[in-house]
Amino acid sequence: MPKKKVKNKVARPPWDDYFLGVAELISRRSTCLRRKVGAIIVKERRILSTGYNGAPAGLPHCIEVGCLRKKKRIPAGERHELCRGLHAEQNAIIQAALYGVSIKNATIYATHHPCSVCAKMIINAGLRQVVIAKGYPDKMASEMLKEAGIPVEKRKNFFS
């Protein structure tokens, strides 16, 4: 029996756009006052771990106590150690470790390009690719990922 043709075929987003959309949704949980970032780690089209930027578990968030970086007028991409929060990429990697999920050779999708601290974690965690929607002013991060052979793909006009 021949298959029927479907007249109103639904357009499905490409996988990269789908996963970036999930990362964008996750970023809405962020408690950062300066930039809302979400990240997910995916392997074989399965979401392994997620993260958004915010204070460590159980500690007051920046939305409750204020932002030291903002008070000191520290530019984006500098002095990461003065932030009380963890970055989305860091939280996604830590969550995978906490629950014993291997992320080796997986892809990380993030709303923004990783900073240099996150880039180092991505390299050492064995992630193989980074897919982003927006940039971030950290030249060292880009250089380190390139040197490690980890491609960074920016999806054009994704969140514009």
Peer 1: Could you walk me through whether His113 and Asp138 satisfy the side chain to side chain contact (heavy atoms under 4.5 Å, CB included) test, starting with their C-alpha distance in whole Å, then the side-chain angles of each, then the deciding distance to 0.1 Å, before giving a yes or no?
Peer 2: CA-CA 8 Å; His113 192 286; Asp138 191 330; 5.8 Å; no

Peer 1: How long is the gap from CD1 on Ile40 to CD1 on Ile26, to the nearest 0.5 Å?
Peer 2: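 Taking CD1 in Ile40 and CD1 in Ile26, the distance rounds to 5.5 Å.
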
Peer 1: So how far is it from Leu145 CG to Ser116 OG, rounded to the nearest 0.5 Å?
Peer 2: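 One gets 10.0 Å once the value is rounded to the nearest 0.5 Å.
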
Peer 1: Okay, side chain of Lys146, backbone of Val152: is any donor-acceptor separation there less than 3.5 Å?
Peer 2: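 It does not hold such a pair.
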
Peer 1: Tell me, yes or no, whether the heavy-atom count around Glu64 atom CD, taken from other residues, nucleotides or ligands under 6.0 Å, exceeds 12.
Peer 2: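 More than 12 within 6.0 Å, yes.
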
Peer 1: Do Leu59 and Ile94 sit in the same hydrophobic cluster, where Ile, Leu, Val, Met, Phe, Trp and Tyr count as joined when their side-chain heavy atoms come under 4.5 Å apart?
Peer 2: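 The answer is no; the residues belong to distinct hydrophobic clusters.
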
Peer 1: Would you call the rings of Trp15 and Phe19 parallel, tilted or perpendicular if under 30° counts as parallel and over 60° as perpendicular?
Peer 2: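 Parallel, since the angle between the ring planes stays under 30°.
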
Peer 1: With no hydrogens and no angle check, is any side-chain donor or acceptor of Asn53 less than 3.5 Å from a backbone partner on Ser30?
Peer 2: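 Such a contact is absent between Asn53 side chain and Ser30 backbone.
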
Peer 1: Between Ile123 and Met144, what is the shortest heavy-atom contact and its length?
Peer 2: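 Residues Ile123 and Met144, closest heavy atoms: CD1-O, 3.7 Å.
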
Peer 1: Going from CG on Leu86 to SG on Cys32, what distance comes out if it is rounded to the nearest 0.5 angstrom?
Peer 2: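 So the gap between those two atoms works out to 11.5 Å.
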
Peer 1: Is there a side-chain contact between Lys43 and Ile103, using heavy atoms and a 4.5 Å cut-off?
Peer 2: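 A side-chain contact under 4.5 Å is absent here.
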
Peer 1: For the hydrophobic clusters of this structure (ILVMFWY residues joined by side-chain heavy atoms under 4.5 Å, transitively), does one cluster hold both Val22 and Val131?
Peer 2: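 Linked, Val22 and Val131 end up in one cluster.
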
Peer 1: Just so I know, are the side chains of Leu48 and Ser102 near enough to count as touching, which here means a heavy-atom distance under 4.5 Å?
Peer 2: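 The answer is no, as the side chains (C-beta and beyond) never meet within the 4.5 Å cut-off.
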
Peer 1: Taking Val101 as the starting point, is it possible to reach Ile108 by hopping between hydrophobic residues whose side chains are less than 4.5 Å apart?
Peer 2: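 Yes, same cluster.
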
Peer 1: Ignoring hydrogens and geometry, is there a side-chain-to-backbone donor-acceptor pair from Arg84 to Leu68 under 3.5 Å?
Peer 2: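 No: the side chain of Arg84 does not pair with the backbone of Leu68.
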
Peer 1: When hydrophobic residues are tied together by side-chain contacts of less than 4.5 Å, even through go-betweens, does Met140 share a cluster with Ile132?
Peer 2: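 Yes, because Met140 and Ile132 connect within a single hydrophobic cluster, where side-chain heavy atoms sit under 4.5 Å apart.
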
Peer 1: Under a 3.5 Å distance rule, please check whether Thr111 uses its side chain to pair with a backbone N or O of Gly38 as donor and acceptor.
Peer 2: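 Present.
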
Peer 1: When rounded to the nearest 0.5 angstrom, what is the spacing between CD1 in Ile74 and CG in Leu82?
Peer 2: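 It is 4.5 Å, given to the nearest 0.5 Å.
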
Peer 1: Taking all non-hydrogen atoms of both residues into account, name the closest pair between Gln90 and His87 and its distance.
Peer 2: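 Between these two residues, the closest heavy atoms are OE1-N, 2.8 Å.
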
Peer 1: Ile150 versus Leu127: any side-chain heavy-atom pair under 4.5 Å?
Peer 2: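 No - every pair of side-chain heavy atoms lies 4.5 Å or more apart.
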
Peer 1: For the residue pair Val65 and Pro60, what are the closest heavy atoms and their distance?
Peer 2: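 Scanning both residues completely, I find the closest heavy atoms to be CG1-CB, 3.7 Å.
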
Peer 1: Gln95 vs Thr50, test: side chain to side chain contact (heavy atoms under 4.5 Å, CB included). Steps then yes/no.
Peer 2: CA-CA 7 Å; Gln95 288 302 307; Thr50 68; over 6 Å; no

Peer 1: For the pair Tyr109 and Asp16, evaluate side chain to side chain contact (heavy atoms under 4.5 Å, CB included) and give the outcome as yes or no after the intermediate values.
Peer 2: CA-CA 8 Å; Tyr109 291 83; Asp16 286 345; 2.6 Å; yes

Peer 1: Examine Leu25 and Leu20 and state if one hydrophobic cluster contains both, with Ile, Leu, Val, Met, Phe, Trp and Tyr joined whenever side-chain heavy atoms are less than 4.5 Å apart.
Peer 2: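 Unlinked, Leu25 and Leu20 end up in two clusters.
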
Peer 1: Can you find a pair of side-chain heavy atoms, one from Lys70 and one from Cys62, that are under 4.5 Å apart?
Peer 2: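 The answer is no; the side chains never approach within 4.5 Å.
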
Peer 1: Which residues pass the side-chain contact (heavy atoms from CB on, under 4.5 Å) test with His112, not counting sequence neighbours?
Peer 2: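 His112 satisfies side-chain contact (heavy atoms from CB on, under 4.5 Å) with Arg35, Val37, Lys134 once adjacent residues are dropped.
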
Peer 1: Closest approach of Pro114 and Ala141, non-hydrogen atoms and distance?
Peer 2: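 Smallest heavy-atom distance, with atoms named: O-CB, 3.3 Å.
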
Peer 1: Quick one: CD on Glu89 to CG on Asn91, what's the gap to the nearest 0.5 Å?
Peer 2: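 Here the rounded value is 9.5 Å.
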
Peer 1: Using atom types as modelled and distance alone, determine if a side-chain donor or acceptor of Arg69 lies under 3.5 Å from a backbone N or O of Arg79.
Peer 2: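 Yes, Arg69 side chain to Arg79 backbone: donor-acceptor pair under 3.5 Å.
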
Peer 1: Rounded at 0.5 Å granularity, tell me how far OG in Ser49 sits from CD1 in Ile47.
Peer 2: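 Ser49 atom OG to Ile47 atom CD1 measures 10.0 Å (nearest 0.5 Å).
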
